[in-house]
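Data block below; observations after.
All residue numbers in this chain count up from 1 along the given sequence.
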Amino acid sequence: MDRKTIAIAAILGATGIMLGAFGAHGLKKLIEPEQIATFDTGVKYQIYHALFLLFVGTTSMLTEKAKKTILTLTTIGVFFFSGSIYFLSCNSLFSFDFKTIGFITPVGGLLLICAWVVLFLQIMKRKQ
């Protein structure tokens with residue numbers, strides 16, 4: 001489980017850096033500054049959660065079940081939250097109106113919150 005968690009963290013981190021560079025350089029002439037700022041929010045949350053998964057994958061303070069739960073919640077959460085933000089901020093570049101799937105952004109955010117809550121609960125129930 002740790003190897004898989006760290007591998008997904010690395011993928012999220014690497015793609016987050018690539019998307020950040022694309023947002024900073026490739027999108028400048030294509031979308032408005034407010035949309036670039038929105039795109040950047042998706043990048044930040046993706047990078048934050050890549051680092052979160054690095055911690056989860058390297059700590060011995062969590063059970064394997066908790067690690068699996070956190071990995072699942074975080075992976076789906078980043079995909080929904082950051083992924084939808086990427087598409088929503090670039091909505092003007094596509095023929096499909098991504099506003100119709102905008103409801104998945106808060107669902108992704110809720111999944112990310114749940115992952116952090118699982119971490120908190122696991123740490124609190126751990127004996128010192």
Side-chain angles (χ1 to χ4, degrees):
M1 179 52 61
D2 291 342
R3 184 174 179 209
K4 182 178 181 180
T5 303
I6 294 169
I8 291 174
I11 291 167
L12 288 177
T15 56
I17 291 167
M18 288 184 258
L19 287 165
F22 175 67
H25 303 291
L27 290 177
K28 268 188 182 174
K29 296 176 184 173
L30 300 175
I31 61 177
E32 298 298 318
E34 306 85 45
Q35 294 167 306
I36 290 174
T38 301
F39 190 92
D40 191 47
T41 298
V43 170
K44 287 178 188 175
Y45 276 81
Q46 182 172 333
I47 296 291
Y48 297 155
H49 286 89
L51 295 172
F52 176 57
L53 287 179
L54 278 179
F55 166 75
V56 168
T58 57
T59 188
S60 61
M61 298 171 63
L62 300 170
T63 64
E64 287 301 309
K65 182 179 178 185
K67 286 183 178 189
K68 185 176 182 179
T69 301
I70 290 170
L71 175 62
T72 302
L73 290 168
T74 304
T75 304
I76 296 169
V78 167
F79 181 74
F80 281 9
F81 184 81
S82 292
S84 64
I85 286 177
Y86 299 143
F87 286 113
L88 287 167
S89 63
C90 296
N91 198 39
S92 61
L93 302 177
F94 300 100
S95 59
F96 179 79
D97 185 7
F98 285 99
K99 291 178 184 172
T100 60
I101 61 162
F103 68 91
I104 68 168
T105 307
V107 172
L110 181 61
L111 294 173
L112 295 173
I113 292 167
C114 288
W116 285 93
V117 169
V118 170
L119 172 66
F120 173 76
L121 294 174
Q122 285 294 302
I123 298 300
M124 293 310 291
K125 90 181 198 188
R126 191 176 147 84
K127 295 185 180 172
Q128 293 186 4

- request: Quick one: do Leu73 and Trp116 satisfy side chain to side chain contact (heavy atoms under 4.5 Å, CB included)? Show the steps, please.
  value: CA-CA 9 Å; Leu73 290 168; Trp116 285 93; over 6 Å; no
- line: Contacts of Tyr86 meeting side-chain hydrogen bond (donor to acceptor under 3.5 Å, both in side chains) (sequence neighbours excluded), chain-then-number -> Gln46
Over 12 foreign heavy atoms within 6.0 Å of OH, Tyr45: no
- request: Look up atom CG in Leu71 and atom CD1 in Ile8, then write down how far apart they are to the nearest 0.5 Å.
  value: 4.5 Å
query: Who are the ring pair (Phe, Tyr, Trp, His ring centres under 6.0 Å) partners of Phe98, not counting sequence neighbours?
result: Phe87, Phe94, Phe96
field: ILVMFWY cluster, Ile36 and Leu30 together (side-chain gap under 4.5 Å)
entry: yes
- prompt: With Thr105, which residues qualify under side chain to side chain contact (heavy atoms under 4.5 Å, CB included), at least two apart?
  reply: Phe81, Ser84, Ile85, Leu88
query: Do Leu112 and Val78 have side-chain heavy atoms sitting under 4.5 Å apart?
result: yes
field: Cluster companions of Met124 among Ile, Leu, Val, Met, Phe, Trp, Tyr (side-chain spacing under 4.5 Å)
entry: Ile113, Val117, Phe120, Leu121
field: Spatial distance of atom CD1 (Ile104) from atom CG (Leu111) [nearest 0.5 Å]
entry: 10.5 Å
message: Assigning hydrophobic clusters by single linkage (Ile, Leu, Val, Met, Phe, Trp, Tyr; side-chain heavy-atom cutoff under 4.5 Å), is Leu19 placed with Leu93?
response: yes
message: Would you compute the distance between atom CG of Asn91 and atom NZ of Lys99 and round it to the nearest 0.5 angstrom?
response: 6.0 Å
Contact check, side chains of Phe22 and Leu27, non-hydrogen atoms, under 4.5 Å: yes
- prompt: Thr59 side chain to Phe55 main-chain N or O, any donor-acceptor pair under 3.5 Å?
  reply: no
task: Looking only at non-hydrogen atoms, find the nearest pair between Cys90 and Ile31 and report the distance.
output: SG-CD1, 4.3 Å
task: Test side chain to side chain contact (heavy atoms under 4.5 Å, CB included) on Ile17 and Val43 and set out the steps.
output: CA-CA 8 Å; Ile17 291 167; Val43 170; over 6 Å; no
statement: Taken to the nearest 0.5 Å, the spacing of Leu53 CG from Ile6 CD1 works out to 10.0 Å
task: Starting from the C-alpha separation in whole Å, work towards a yes-or-no answer on side chain to side chain contact (heavy atoms under 4.5 Å, CB included) for Gln35 and Ser92.
output: CA-CA 10 Å; Gln35 294 167 306; Ser92 61; 4.0 Å; yes
- line: Residues at least two apart in sequence or cross-chain that pass ring pair (Phe, Tyr, Trp, His ring centres under 6.0 Å) with Phe103, listed by chain then number, are none
query: Are Phe52 and Val56 close enough that some pair of their side-chain heavy atoms sits under 4.5 Å apart?
result: yes
- request: With sequence neighbours excluded, tell me which residues meet salt bridge (charged side-chain N to carboxylate O under 4.0 Å, His left out) with Lys44.
  value: Asp40
task: Treating Ile, Leu, Val, Met, Phe, Trp and Tyr as nodes and any side-chain heavy-atom pair under 4.5 angstrom as an edge, say whether Met18 and Leu12 lie in one connected cluster.
output: no
- prompt: From Glu64 CD over to Thr69 OG1, what is the distance, rounded to the nearest 0.5 angstrom?
  reply: 11.0 Å
message: Within the structure provided, determine whether Ser82 and His49 are in side-chain contact (heavy-atom separation under 4.5 Å).
response: no
- prompt: What is the distance from atom CG of Leu119 to atom OG1 of Thr74, rounded to the nearest 0.5 Å?
  reply: 9.5 Å
query: Of all heavy-atom pairs between Ala50 and Gly13, which one has the smallest distance, and what is that distance?
result: CB-N, 3.6 Å
